[in-house]
Protein chains: 2
Amino acid sequence: MEVGHPAKKGEGRPVATMVARPNIKDIARLAGVSTATVSRALSDSGVVTEATRAKVHDAARKLNYRLNVRARNLRIQKSMAVLLVVRNMANPFYLDIFKGVEGIARAAGYVVLMGNTEDDANREIEYFDMLRDGHADGMILMTGNLPQEHQVLDDRFGSAPIVVALEAIENCGLAHVDVDNRAASRTAVRHLLDLGHTRIGHIAGPVPEVLGQLRLDGFRMAMAEAGHSVPSCHEAVGDYSIQSGRRCCRRIFESETPPTALFVANDEMAFGAIGELRDMGLRVPQDVSVIGFDDLFVSDSFSPPLTTIRQPCIEIGRKTMTMLIDLMGSGRRSPQMCQMPTELVVRGSTAPLAQA
Amino acid sequence: MEVGHPAKKGEGRPVATMVARPNIKDIARLAGVSTATVSRALSDSGVVTEATRAKVHDAARKLNYRLNVRARNLRIQKSMAVLLVVRNMANPFYLDIFKGVEGIARAAGYVVLMGNTEDDANREIEYFDMLRDGHADGMILMTGNLPQEHQVLDDRFGSAPIVVALEAIENCGLAHVDVDNRAASRTAVRHLLDLGHTRIGHIAGPVPEVLGQLRLDGFRMAMAEAGHSVPSCHEAVGDYSIQSGRRCCRRIFESETPPTALFVANDEMAFGAIGELRDMGLRVPQDVSVIGFDDLFVSDSFSPPLTTIRQPCIEIGRKTMTMLIDLMGSGRRSPQMCQMPTELVVRGSTAPLAQA
DNA sequence: GGCCGATTTGTAATCGATTGCAAAAACCGG
DNA sequence: CCGGTTTTTGCAATCGATTACAAATCGGCC
């Protein structure tokens, strides 16, 4: 049955004027072997005579051949891609994470797809679907509100390779890497306490969410341990943005007896808070000490240089990707988890309590 | 010829206990039609009776079917992916660009692959190869040192959809979007001149490269227009990092008659410069005015808030991706180019020249 | 009812690789 | 030189979709 062959490829066409992309058949023809042999020769894996190997490689070089990844992906049922999903692509905190993930990924032959949920649950589900559709072989999740979708996880992705990083930790049985937010926050607050501060305020992240809650817990724990009670007007809930830092700071400092120090759940809000304090005529650190969390690239150059808790972002990215590769390679193993160390970085935004 | 069918799929297997991923054949069987019809019904494009359409959709829903993108990609010879290549993934300037690109891309059904060259020419070539290999259908290039690879562009990628953004403009006949760096720099310097400054220094980006050169040109042009000569010791070349900003600033202020104002080629170096000035006991803007370039997310909250030239990053990302989609969709058209507007944002880091 | 044209559906080729099995070739000791 | 192994190669199926063309069905009109 003769069905149309529009622009039938190769066959009698002179090799030299080949214009379309050469494929494995072209190589086979030129090298005088079968496609199977070509495949084996090029992948270097199969057993193949040195002579044929050379012949095939020569032909491939001559035709300027490159493997068609789409065909390969279909056949081997992989995409050699991973999905990196964050809640907000424009969050500077992710910069080094991206870098770490990308570095390990490319070294292992994977490409990284950017995913951005903007905290929209539907978009999050879309990324799960992409995983299922074969767009990627694995996924790194750095979004907070996943847990609700248990159904998604259980029913449809029982064995999908997923690593959760820095968020939504205690939920499903997924692999994850994070830091000890509670302990780190406690360390931050202890630093302020050690400087003599007793009235300490806190600007938290969104709190039904795990991350914000953990840092708030750490704050309260440290204060409780030190025997200080925290009036509710010394706590405010922001959304990690500079603007919300300003807003929360203002609210806290409108209280009757404002704090002398502030533990802020991330550096961006700390920048906002410091800006607001300056606008209110308060000096940092002389009048108010401020400590942040994350250690962004600018924190060191801010004025005053920001005391903060450093998270090893590049390493977190690397570790996360490494775990994911592990997961994708060796089928589902017992879900691993890994806690990365944080570090208190003391700079110029904190100082001993001034004697009143 | 009976060849092995390991775990032969479907055939007599009860549909309900189907565990493997259903494919188009499973749908066809359940709906009692051919795979061709299924494909047409699901893509909603082909002509298909409403009745069959419903039948097929029902079957698909029942089996929880999802299209296999790998198969589809092979068949239609597309990847529905674009490559976004930058010189340094951890550069905060890219944040909003990423966001803009990703937003348009996903709206159009494309995924975005992250590419990071670290200014390594080999890695850059790898990304070109990825494009050719079919990993992606198009590429956004934001790297500076591409031009040398004319060969790559001509010989092997004559018609590859590529949009160059913000860098390496005047080279090959590729589509590109950028801003008028020379004019913007001139505007920045004029702002300082208008404030009464005459001794103005410049911290430039790497200068054999186009971008650094353009901003340097703009600086010199504005100074020349105003009739001021610039001693070479008032110009320094950095690498856009905070540290190099510090370093260059120190060098410039070691000169005998240091400038009273500084135009810095990007905000990060401006942060460094301001930090260094502070360390040297100079106040910004009282003693020295500083203007940057980019308007990073922190520039507004820096202390002092940084006067700078704003680039519309999100829009640049959007525009770039839009152009790329255009290019990919409609075959090669005449290479477009687009120049986005910049804006002088006056904040607290610049002030009128103090009367000595 | 029969015929013709317009719709709808089915058949099978195709995209470009990988790979299980069998056939061919090479090797080897007797 | 031959039978038996071991290597190397080739054949053809396969991954899961899309689509050109042919076949079947439908509808309307005489």
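Letters go in sequence order (proteins before strands), and every chain restarts at 1. Since the structure is predicted, the reported quantities are computational estimates derived from the model, not experimental observations.
Looking at B:T35, its side chain never comes within 3.5 Å of a backbone N or O of B:A28 through a donor-acceptor pair. Side chain of A:R70 to backbone of B:I76: no donor-acceptor contact under 3.5 angstrom is found.
DNA chain C is contacted by both A:L67 and B:T37; B:T37 maps to the nucleotide lying nearer its 5′ end (nearest heavy atom per residue). Map A:T49 and A:A36 each onto its nearest nucleotide of DNA chain D; the residue landing nearer the 5' end is A:T49.
For the OP1/OP2 pair of C:dT9 and a distance below 4.0 Å, the side-chain nitrogens and oxygens of B:T52 include at least one atom meeting the criterion. Checking the phosphate oxygens (OP1, OP2) of C:dA17, no side-chain nitrogen or oxygen of A:R70 falls inside 4.0 Å. OP1 or OP2 of C:dG16 has not a single side-chain nitrogen or oxygen of A:Y65 nearer than 4.0 Å.
Nucleotide D:dA17 holds its P atom 17 Å from the CE atom of B:M80, rounded to whole Å. Taking atom CG on B:L42 and atom C1' on D:dA17, their separation rounds to 11 Å, with Å as the unit. Rounded to an integer number of Å, the gap from B:K78 NZ to C:dT14 C1' is 18 Å. Between B:E50 atom CD and D:dC26 atom P there is a gap of 17 Å when expressed in whole angstrom units. Regarding A:L74, its CG atom lies at a distance of 12 Å from the P atom of C:dA17, rounded to whole Å. When the C1' atom of C:dA17 is taken as reference, atom CG of A:N23 falls 9 Å away, rounded to whole Å. Rounded to an integer number of Å, the gap from A:Q77 CD to C:dT18 C1' is 11 Å. What separates CD1 of B:I76 from P of D:dT19 is a distance of 8 Å, to the nearest Å.
Ion pair B:D58/B:R61 flagged as a salt bridge, since at least one NZ, NE, NH1 or NH2 atom sits closer than 4.0 Å to an Asp/Glu carboxylate oxygen. Salt bridge status for A:R53 with A:D44: present, with a side-chain N to carboxylate O gap under 4.0 Å.
B:F128 has its side chain within reach of B:M139: a pair of non-hydrogen atoms, C-beta onward, lies under 4.5 Å apart.
Residue A:R72 places its side chain closer to C:dA17 than to any other of D:dG10, C:dA17, D:dT18. The side chain of A:A71 approaches C:dA17 more closely than any other nucleotide in the set D:dG10, D:dA17, C:dA17.
Checked by distance alone, B:R40 brings a side-chain donor or acceptor within 3.5 Å of a matching partner on the base of C:dG10. B:R75 contributes no side-chain N or O that forms a donor-acceptor pair with the base of C:dG16 under 3.5 Å.
Looking at heavy-atom distances under 4.0 Å, B:V33 makes contact with sugar-phosphate atoms alone, never a base.
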